*Asks:* 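Pasting a structure below so you can have a look.
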Protein chains: 2
Amino acid sequence: MSGQGDSTESGPVGVMNATERGEAEFLRRYDASVYEKPAFTVDLVLFTVRDEHLHALLVQRAEHPFKGCWALPGGFLDPRRDDSVDACAARKLVEETGVRAPYLEQLKTYGSCDRDPRGWTATTVYFALMASDSVRLLGNQEDARWVRVQGDGVGFALAFDHTRILADAVERLRSKLEYTHIAVHLLPEEFTLPELQRTYEIILQQPLDKSSFRRRVMQADMLEELAGRQRDGSGRPAQLYRFRDYDRQTFFPRSISRHAR
Amino acid sequence: MSGQGDSTESGPVGVMNATERGEAEFLRRYDASVYEKPAFTVDLVLFTVRDEHLHALLVQRAEHPFKGCWALPGGFLDPRRDDSVDACAARKLVEETGVRAPYLEQLKTYGSCDRDPRGWTATTVYFALMASDSVRLLGNQEDARWVRVQGDGVGFALAFDHTRILADAVERLRSKLEYTHIAVHLLPEEFTLPELQRTYEIILQQPLDKSSFRRRVMQADMLEELAGRQRDGSGRPAQLYRFRDYDRQTFFPRSISRHAR
DNA sequence: CAAATAGTGTCTATAAGACATTATCAA
DNA sequence: TTGATAATGTCTTATAGACACTATTTG
């Protein structure tokens, strides 16, 4: 971003000034193990919409602690395999679902001495959105299941502080839905406007006005009209669209009112 | 929240079922040290407004790595002293500034094998807002200084990935200013509407319409009118207000346009 | 009085909500 | 044709932007 190079950061290749010699010496002697470290994990809140409901992926814990309890998928970060926290989240996502690159966003980090009976742990939580038809659960000997989300959770307590984490993720999802287009990541590549609107209605838990919804989406100029049309039982078939740019994060100019009637 | 108690989570006091006996046994044998852990730090982006400019607190590093470079204040989390990541951030804030409880919010966690030459580290970054007159820098043998923020940074490269982190924090601050009232935390307890508006203009880097601004703020019903009035050189003195509820996080119904003229 | 700053009133543009109307399909 | 759903049109309402105007102080 800003940053015209600061001379203390790195000198010409092959030449070391006094500061750099000092740093090289320091690093040679440095022993990371002298510091006490909390355990560090990465957990995932995976969302999808199916059967007219928002679902989150939960796994039943095969081992202690909380053996038998349902929990968010995730686990220890492995510094030898994971070059970054983001990479660790992506790895766990693939291991769990086989999905390559849906929408994946860091939610928050939860860390304390009492959230895990084994001691001080910190977990960085990511939430991901995916089309339900894109997923084939891989379930590494864990029992993984899509569980319906109602209100701010699944209706029963989860392991660790995962009940709270799931509630935070649901709130973030609802909140972002009002001013971004992330809901497209819950649909297959080709979808219709009524399907997109239905997705919003399911997650926000309220009906939206068709005309206003279409106006918003079209004004944002995010969708590309496709050749085909989609039939869905009776009635006029709907126009197919695809999201124009799955990488760019786009925003609505105004938020969808959650108080609409 | 949701959560009617799940029977696997905890049984009656003093009685253990098979699952609980298994868990107790597991925990007795559990040795946390077998897992390789990344180093875990907490860093702070402290913002204040003074001399008509946004400033961030930076410290000059006394030790390797990046000795002599400017960096965000922060450091290793100490599991023996810090009961949670939040508590660690609060502790470091007090150690650095002596300020008790201004606005403190978790920004994001950055972790990778290459952000620190000592090896794999993760840092959870918080950003804080405070009134510049409330701060007396304590500077534990470190050289701490308020540095003017222009654009998305301070104009020179910081240690580690702190240039990027600062840019993210500035963006988040600007973004949140548009739909929340957090700017009040940059002012002393008693302030005037022109002062509040000026704070917004300084951070958003654009003039705002006086009438629209006042309308927004008053409609949000966040401010309490105080008895006194404040004189500030020439002209009509301005009404003093105080923020009604420093705990509650409140929101504007609509965002302040960043495209205003 | 003028200058300066605080605070109010009012018009307009824009976008959302509500809802009626038209379009296109199957049976 | 009817029934169903998609898509469009239009009127109303809410709010932000623009800017003129009034209010209150000092010198």
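This one's a predicted model, so the numbers in the text were calculated from it and none came from an experiment. Throughout, protein chains are lettered first and strands after them, A, B, ... in sequence-line order, and every chain is numbered starting at 1.
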*Asks:* Find the distance A/Q206:CD to C/dA18:P and express it as a whole number of Å.
*Replies:*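 These atoms are roughly 10 Å apart.
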
*Asks:* Round to a whole Å and report the spacing from CD of B/E201 to P of C/dT5.
*Replies:*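 Result: 13 Å.
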
*Asks:* Using a cut-off of strictly less than 4.0 Å, decide whether B/R216 has a side-chain nitrogen or oxygen near OP1 or OP2 of D/dA16.
*Replies:* yes

*Asks:* Sequence neighbours excluded, which residues qualify as salt bridge (Lys or Arg N to Asp or Glu O under 4.0 Å) partners of A/E52?
*Replies:* A/R198

*Asks:* Find the distance A/R231:CZ to C/dA27:C1' and express it as a whole number of Å.
*Replies:* 11 Å

*Asks:* Nearest whole angstrom, please: distance from the C1' of C/dG7 to the CZ of B/F213.
*Replies:*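 It is 14 Å, rounded to the nearest whole Å.
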
*Asks:* Would you call B/R164 and B/D168 a salt bridge, taking side-chain N to carboxylate O under 4.0 Å as the test?
*Replies:*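 So B/R164 pairs with B/D168 through a salt bridge.
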
*Asks:* Got a sec, which residues hit side chain to side chain contact (heavy atoms under 4.5 Å, CB included) with A/R231, two or more places apart in sequence or on another chain?
*Replies:*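 With sequence neighbours excluded, A/R231 shows a side chain to side chain contact (heavy atoms under 4.5 Å, CB included) to A/P237, given in chain and number order.
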
*Asks:* Taking CG from B/L208 and C1' from C/dG7, how many angstroms apart are they, rounded to a whole number?
*Replies:*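 Atom-to-atom, B/L208 to C/dG7, this comes out as 16 Å.
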
*Asks:* Between the protein and nucleotides 7-10 of chain D, which nitrogen or oxygen pairs come in under 3.5 angstrom?
*Replies:*
| residue | atom | partner | partner atom | Å |
| --- | --- | --- | --- | --- |
| D/dA7 | OP1 | A/Q239 | N | 2.7 |
| D/dA7 | OP2 | A/R214 | NH1 | 3.0 |
| D/dA7 | OP2 | A/R214 | NH2 | 3.3 |
| D/dA7 | O5' | A/R214 | NH2 | 3.2 |
| D/dA7 | N7 | A/K210 | NZ | 2.8 |
| D/dA7 | N6 | A/K210 | NZ | 3.1 |
| D/dG9 | O6 | A/S211 | OG | 2.5 |

*Asks:* Under the side chain to side chain contact (heavy atoms under 4.5 Å, CB included) rule, collect the residues that match up with A/Q106, sequence neighbours excluded.
*Replies:*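 Testing A/Q106 for side chain to side chain contact (heavy atoms under 4.5 Å, CB included), a comparison that skips the adjacent residues, returns A/D86, A/T109, A/T124, A/Y126, B/K108, B/T109.
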
*Asks:* Run the side chain to side chain contact (heavy atoms under 4.5 Å, CB included) test against A/R148 and tell me which residues pass, sequence neighbours left out.
*Replies:*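 A/R148 satisfies side chain to side chain contact (heavy atoms under 4.5 Å, CB included) with A/H53, A/H55, A/Q150 once adjacent residues are dropped.
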
*Asks:* D/dA6 C1' sits how many Å from A/Q197 CD, rounded?
*Replies:*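 From A/Q197 CD to D/dA6 C1': 11 Å.
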
*Asks:* Taking only residues two or more places apart in sequence, or in another chain, which ones meet B/A159 in a side chain to side chain contact (heavy atoms under 4.5 Å, CB included)?
*Replies:*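 Residues passing side chain to side chain contact (heavy atoms under 4.5 Å, CB included) with B/A159: B/R61, B/F66, B/C69, B/A71.
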
*Asks:* In whole Å, what is the span from the CD atom of B/Q230 to the C1' atom of C/dA6?
*Replies:*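 B/Q230 atom CD is separated from C/dA6 atom C1' by 12 Å.
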
*Asks:* From CZ of B/R198 over to P of C/dA4, roughly how many Å is that when rounded to an integer?
*Replies:* 17 Å

